[in-house]
Amino acid sequence: MKRDQSRHLYNLALNYIPGGVNSPVRAFKGVGGDPLFFKAGIGPYLIDSDDNHYVDYVGAWGPLILGHCHPAVISALQEQLKHGLGYGASTEAEVTIAKKICNLVPSIEQVRLVTSGTEATMSAIRLARGYTRRDKIVKFEGCYHGHVDGLLVKAGSGALTLGEPDSLGVPKAYSELTHVLRYNDAEAAVEFFAECGEEIACVIVEPVAGNMNCVPPVPGFLETLRKQCTTHGAVLIFDEVMTGFRVALGGAQSTYGITPDLTTLGKVIGGGLPVGAFGGRKDIMANIAPVGPVYQAGTLSGSPLAIAAGLAMLDAICEPGFYESLTAKTTQLLKGLSDRAQAAGVPFTSNQAGGMFGCFFTEENNITRFSQVMACNIGDFQRFFHAMLDNGVYLAPSAFEAGFVSSAHDEEAIEKTLLAAEAAFAAVTI
Ligand code: KE4
């Protein structure tokens, strides 16, 4: 595939942007080679700067659950554009989307919009600390909650991809307040809470881990966190920035039947535009300014453009059968990949949660732990990634990211993917 323009743009970008990218995981450090530059997306396809077409399984890292340039989202944006880009004041649409989120996610009694997932988790942590008057927090190894100082401790996603799960620049005083436990290890959580549960402000967890590849919770894990937080007066925060409206209409909390105290959202609710949100129990949210003493603010919070796109997306995903169809497509894709891996004699397994998935190059067939993810064959993944890319399929450029299917992924796109996979699995074994 010709990639001269991407290479040219990358070399130019390196002069003006650290690493030539505005977010580290885009830099292809996890797979080798130079990053691609894209110029358009349509339906399930991405088009790079050299006019190469790819079936897209990154979906802008999750937001594009309807695929690129969905007509309803585009027309909603075009309509809003006639009335302005933003006012720095409240709008009817903010009330509409807040009400919709509260109706779709019952644990959310009140919600505050922000402009990124990081802002959402940072605000939720501050709120939990203010509400409990406690400082210590708990996160899980391999989970990523955005680049919040206190959460860049054994973090996943880009931090893990670059081999820097603990970022420089985070004061020891912050990181010492963050306790890291093993994901899916309920016993360790019980032991930890027995020791210092009364000091814990909150537990923040990805109810389906999507930043150490895709690792769903094992039975009992989320239930244990819920019970321990209730018993010890800690706030349970479900970081559903990725899983919200992705794994199910009510998020992962509806799939697993657990009610968190706070939930963070992002990605899908902005339809691809900058957005985040945090919300939950009214008595906790009552502590947020201007009502309560926990300050939080944002110039572009509740952007009319992001809300217009988000509302159009939420309308589309509320259509009957949306998630059944999305889940079935994802299952079909994973079965097809597994069959082709087996035919090529490549050790391969996958995980799925609704419309998100993870692929692992390993002999193991049930990946539930961070240690198992780390033991996978990264070299096989890298060879597979590039062979898929050369055959017109764009996967996340990291072994520690989840993949995403959209409602725009039709039979043709899936078939193209599986055809590419036949060649790619063969390339893995060379
Ligand atoms: P943002 O600040 O990037 O909008 O959201 C941070 C965040 C919070 N919580 C979860 C569960 C997340 O997955 C994320 C961000 N996800 C990554 C992809 N795994 C964003 C991609 C990137 O960093 O470029």
Side-chain angles (χ1 to χ4, degrees), residues 17-31 35-36 38 56-65 113-125 137 139-162 164-165 167 183 203-217 237-247 251-253 260 262-278 298 300-301 303 306 310 353 355-358 373 394-404:
I17 307 169
V21 293
N22 282 311
S23 197
V25 76
R26 304 175 188 176
F28 273 37
K29 297 296 181 202
V31 290
L36 291 184
F38 293 99
D56 177 23
Y57 289 99
V58 176
W61 299 101
L64 301 182
I65 198 168
L113 292 179
V114 293
T115 46
S116 73
T118 295
E119 221 187 320
T121 57
M122 174 181 72
S123 307
I125 295 281
I137 64 174
K139 76 174 287 286
F140 296 87
E141 188 173 32
C143 285
Y144 176 73
H145 306 287
H147 60 97
V148 187
D149 274 353
L151 294 175
L152 282 176
V153 180
K154 288 195 175 19
S157 184
L160 186 57
T161 302
L162 298 180
E164 293 159 3
S167 172
Y183 193 81
V203 170
I204 185 165
V205 65
E206 291 182 63
V208 173
N211 289 289
M212 51 168 143
N213 208 304
C214 176
V215 178
I237 302 172
F238 270 16
D239 178 356
E240 296 227 41
V241 166
M242 183 186 286
T243 55
F245 305 110
R246 166 57 65 178
V247 302
Q253 57 195 269
L262 292 178
T263 298
T264 53
L265 297 169
K267 296 182 192 278
V268 169
I269 62 168
L273 271 71
V275 74
F278 64 100
L300 298 176
S301 295
S303 150
M356 70 189 260
F357 65 92
V373 174
Y394 184 58
L395 301 171
S398 162
F400 307 113
E401 294 287 356
F404 304 100

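For ligands, and for the atoms within them, numbers begin at 1 and follow the listed sequence. We number each residue from 1, following the sequence as shown.
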* To do: Flag E206 as yes when one of its N or O atoms lies below 3.5 Å from any N or O atom of ligand 1, and as no otherwise.
  =>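 No: no nitrogen or oxygen of E206 is under 3.5 Å from one in ligand 1.
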* Any nitrogen or oxygen of T121, main chain or side chain, under 3.5 Å from a nitrogen or oxygen of ligand 1? ->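 No: no nitrogen or oxygen of T121 is under 3.5 Å from one in ligand 1.
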Return the residue, atom name and 0.1 Å-rounded distance of the protein heavy atom closest to [atom].
atom: atom 4 (O) of ligand 1; result: G117 N, 3.0 Å
atom: atom 8 (C) of ligand 1; result: H145 C, 3.4 Å
atom: atom 21 (C) of ligand 1; result: W61 CG, 3.7 Å
atom: atom 12 (C) of ligand 1; result: N211 ND2, 3.7 Å

Counting from 1, what ligand 1 atoms have a heavy atom of [X] closer than 4.0 Å?
X: T118; answer: 1 (P), 2 (O), 5 (O), 6 (C)
X: S23; answer: 22 (C), 23 (O), 24 (O)
X: V25; answer: 22 (C), 24 (O)

* **Per atom 15 (C) of ligand 1, closest listed option by heavy atom (M242, H147, M122, K267)** =>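 The option holding the nearest heavy atom is K267.
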* To do: Only heavy atoms count here, so choose which of A60, G156, G146 is nearest to atom 6 (C) of ligand 1.
  =>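 Selected option, by shortest heavy-atom distance: G146.
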* Asked: What do you reckon, does R26 put a non-hydrogen atom under 4.0 Å from ligand 1?
  ->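 No.
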* Does ligand 1 have any atom that is closer than 4.0 Å to a heavy atom of S157? ->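 It does, in that a heavy atom of S157 comes within the 4.0 Å cut-off of ligand 1.
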